[in-house]
Amino acid sequence: MVIPARDEAGSIGTVVGAAAAQLGPGDELVVVDDASTDATASIAAGAGARVVSAPPLPDGWLGKPHACWAGVAATSAPVLVFLDADVSPGPDLVDRLVGVLDAPGPAAPGAVSVQPWHHTERAWERASLVPNVVALMGSGGFTVLGPRRPLAFGPVLACDRSRYLAVGGHSEPTVRRAVAEDAALGALLGSVRLHTGRGAVSFRMYPGGPRELVRGWVKILAVGAERAQPLLVAAVVAWLWSVIGGSVASAWWYAASTVQLAVFARRAGRFGLAPLLGPLLAVGFVAMFVAALVLRRSRRTVTWRGRRVHPA
């Protein structure tokens with residue numbers, strides 16, 4: 001198990017403690033300290049992880065892919081499980097992941113990936129409702145036809161080590177420099193089984209405040225749209241239009257959209273009464289998406305975790 005971490009002192013103890021409790025004979029738990037300026041390394045070690053330091057970041061790499069690659073080099077297990085440092089794994093997450101990978105015959109996927117259930121605590125965190133729902137829609141993994149282009153969710157990803165190394169893993173050029181390294185890696189691994197994490201793994205996105213929330217989603221949207229299937233993008237645009245325009249035009253449409261959004265929300269996370277603000281949250285999503293397009297077209301960089309990141 002590999003957990004890349006940069007300045008995650010507030011959450012690293014939780015993920016390491018939960019992951020360490022699931023280790024079996026021969027299993028490994030490695031936290032890659034990616035030049036943290038806080039107590040991430042010492043907390044991770046105290047919680048039961050073996051901590052290694054990521055080497056200096058080379059040209060042409062982004063931080064997370066580089067840390068993941070360093071973690072793989074420090075392990076030898078036949079199955080690789082990558083966890084983000086801000087997730088909260090359920091007590092049987094690893095067994096579930098391995099069970100999907102070990103499915104007999106052609107049912108076995110190249111990788112299995114989970115979008116954690118979004119746990120919210122503050123009212124403003126629930127503004128992530130529409131982006132979370134759109135992320136699930138855009139993956140294509142939860143439609144009748146399934147994804148036609150392999151994608152993966154970055155917070156939780158498991159794959160066979162030999163398959164990972166055969167395609168170059170996080171060192172492959174299209175992955176090492178990708179902001180959305182999860183999607184780039186999924187495209188290399190082939191078939192990826194996608195799941196949502198309710199009851200298995202959760203996380204709390206952007207607890208640092210509304211500004212962090214907006215910057216985080218703009219960064220994700222700046223690279224996510226180009227990897228989504230065109231038909232799914234069109235479907236998402238039509239859905240957003242129905243939520244915004246239809247809800248304003250008709251009270252009955254607003255009621256139907258609210259019920260629909262509440263159903264979607266249960267799969268994505270805990271969002272309380274946020275579906276009642278569906279049209280307003282959809283407008284906010286569109287604004288963030290426009291900002292992301294401007295960011296891409298202007299080729300500007302953003303600061304994330306103390307590093308300058310280009311969204312392209």
Side-chain angles (χ1 to χ4, degrees), residues 1-20 22-23 27-58 60-77 79-89 93-94 97 111-116 152-159 161 164-165 168-172 174-186 188-189 197 201 203-206 216 219-220 223 303-309:
M1 200 177 308
V2 175
I3 304 175
R6 178 176 171 86
D7 293 337
E8 297 283 3
S11 61
I12 192 66
T14 299
V15 62
V16 170
Q22 302 180 44
L23 296 180
D27 291 343
E28 302 164 292
L29 174 54
V30 171
V31 168
V32 183
D33 180 30
D34 185 16
S36 296
T37 59
D38 60 13
T40 293
S42 60
I43 294 174
R50 178 162 63 95
V51 178
V52 300
S53 296
L57 189 64
W61 286 77
L62 291 184
K64 184 180 177 182
H66 185 242
C68 288
W69 186 246
V72 171
T75 65
S76 59
V79 174
L80 295 170
V81 177
F82 298 96
L83 297 179
D84 275 3
D86 59 353
V87 304
S88 296
L93 174 64
V94 174
L97 294 172
V112 57
S113 185
V114 183
Q115 177 70 350
F153 299 123
V156 181
L157 175 67
C159 61
R161 183 187 191 91
Y164 171 89
L165 294 177
H170 287 90
S171 73
E172 204 277 337
T174 61
V175 180
R176 71 173 73 172
R177 61 175 178 262
V179 177
E181 87 296 329
D182 46 1
L185 183 58
L188 293 177
L189 290 171
V201 59
F203 63 1
R204 187 180 171 201
M205 296 184 73
Y206 312 128
K219 182 196 74 163
I220 292 173
V223 297
T303 301
W304 191 253
R305 299 288 185 183
R307 287 177 172 146
R308 301 295 293 177
V309 177

Measure the spacing between [atom1] of [X] and [atom2] of [Y] and express it to the nearest 0.5 Å.
| X | Y | atom1 | atom2 | value |
| --- | --- | --- | --- | --- |
| Leu80 | Leu157 | CG | CG | 9.0 Å |
| Asp34 | Ile3 | CG | CD1 | 14.0 Å |
| Asp182 | Lys64 | CG | NZ | 6.0 Å |

Least distance between heavy atoms, [X] atom then [Y] atom:
| X | Y | answer |
| --- | --- | --- |
| Cys68 | Val2 | O-CG1, 4.2 Å |
| Ala77 | Arg161 | O-CD, 3.1 Å |
| Val32 | Gly71 | CG2-CA, 3.4 Å |
| Val52 | Ala74 | CG1-CB, 4.2 Å |
| Gly60 | Arg177 | O-CB, 3.6 Å |
| Ala41 | Val51 | O-CG2, 3.6 Å |

Between [X] and [Y], is there a donor-acceptor pair closer than 3.5 Å when you use the side chain of the first and the backbone of the second?
| X | Y | result |
| --- | --- | --- |
| Glu28 | Thr75 | no |
| Ser88 | Phe203 | no |
| Ser42 | Ala39 | yes |
| Glu181 | His170 | no |

Applying salt bridge (Lys or Arg N to Asp or Glu O under 4.0 Å), can you list everything that pairs with Arg176, at least two apart in sequence or on another chain? none
In terms of ring plane angle, is the pair Phe82 and Tyr164 parallel, tilted or perpendicular, where the classes change at 30° and 60°? tilted
Trp69 vs Trp61 aromatic rings, parallel, tilted or perpendicular, using cut-offs 30° and 60°? tilted
So among Asp27, Val30, Leu23, which one has a side-chain contact (heavy atoms from CB on, under 4.5 Å) with Met1? Leu23
What do the steps show when you test Leu93 against Leu83 for side chain to side chain contact (heavy atoms under 4.5 Å, CB included), and what is the final call? CA-CA 11 Å; Leu93 174 64; Leu83 297 179; 4.1 Å; yes
With a cut-off of 3.5 Å and sequence neighbours excluded, list every side-chain donor-acceptor pair involving residues 10-18.
residue: Ser11; atom: OG; partner: Glu8; partner atom: OE1; Å: 3.2
residue: Ser11; atom: OG; partner: Ala85; partner atom: O; Å: 3.0

